[in-house]
Amino acid sequence: MIDLHSHILPGLDDGSRTVDEARALARRAADDGVTAIAATPHVRSDYPTRPEEMERGVTRLREDFVEQEIDVEVLPGGEIDLVMLGSLDDDELRRFTLAQSGRYLLLEFPYSGWPSGLEETVYGLGLRGFLAILAHPERNREVQSSPARLGEAVRMGALVQLTAASLDGRIGRSSQKAAERLLEDGLAHLLASDAHTPEIREAGLGAAAEAVGDDGLARFLTVEAPAAIVAGEPVPKPPRKARRRRYLLF
Ligand SMILES: [Fe+2]
């Protein structure tokens, strides 16, 4: 599996604090079947990570993992706040694209309130050659009350990333229900950990993939779609998840 959302780089944001924590995260992910992790530090007003800080962190962690024999590839990336987006030029954005393929940008979806101008933002990025990936919208209350509202942004070209801990219920019932609904409606393209420290939202991609309840779709979300994103290639439409059958027992 490829995990395209993590705060594994030490000391840049509210994620890993030390290289020991980063190693622990990566070891746990490797045990879970993860072969590559994108380092996506926050790029927002409280953690205004610069591209060169992220790149330096990725280089250091790569070297450390080789020395430590941790078999996980670290990829560049960033989790860009929608407000910060406007202050970044094309070169800065390109450097924050996932795996620096030059195509896919992970955008932080707010936890409350509907982001104004979301569809225009997605469209505008498209004109500049970038594709938006919306990070964990299932945790947003507006999306929870109306998951279909994401449809317009998806039609504009956005992809949707669900967080593993939402899907397996660790974050709570509302996020889980919204995540399931987005999967059933074909509005989710990617499953990722959003891992911060070994304690908070630790990897757990394997458990979440199982919670999808559909092997083909789970593979799409954790292997096929992320591999296409890393390669900078188009992501095909996700296979539709069958609604859970309910049996009446007499
Ligand atoms: Fe995140």
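When a ligand or atom number is given, it counts from 1 through the structure's own listing order.
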If the cut-off is 2.8 Å, does any N/O/S atom of [X] fall short of it from the Fe ion (ligand 1)?
{"X": "H196", "result": "no"}
{"X": "H7", "result": "yes"}
{"X": "E108", "result": "no"}

Please check if atom [atom1] in [X] has more than 12 non-hydrogen atoms from other residues, nucleotides or ligands closer than 6.0 Å.
{"X": "D215", "atom1": "CG", "result": "no"}
{"X": "R27", "atom1": "CZ", "result": "yes"}
{"X": "R141", "atom1": "CZ", "result": "no"}

So, of the N/O/S atoms that D194 has, which is the nearest one to the Fe ion (ligand 1)?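 Sorting the N, O and S atoms of D194 by distance to the Fe ion (ligand 1) puts OD1 first.
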Of all N/O/S atoms in E79, which lies nearest to the Fe ion (ligand 1)?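 Of the nitrogen, oxygen and sulfur atoms in E79, the Fe ion (ligand 1) lies nearest to OE1.
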Start with the C-alpha distance between D185 and R181, add both sets of side-chain angles, then the distance that settles salt bridge (Lys or Arg N to Asp or Glu O under 4.0 Å), and finish with yes or no. CA-CA 6 Å; D185 292 351; R181 182 64 195 277; 3.0 Å; yes
Note: R23-D20 ion pair, threshold 4.0 Å (strictly below):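 Judged by the 4.0 Å cut-off on N to carboxylate O distance, R23 and D20 do form a salt bridge.
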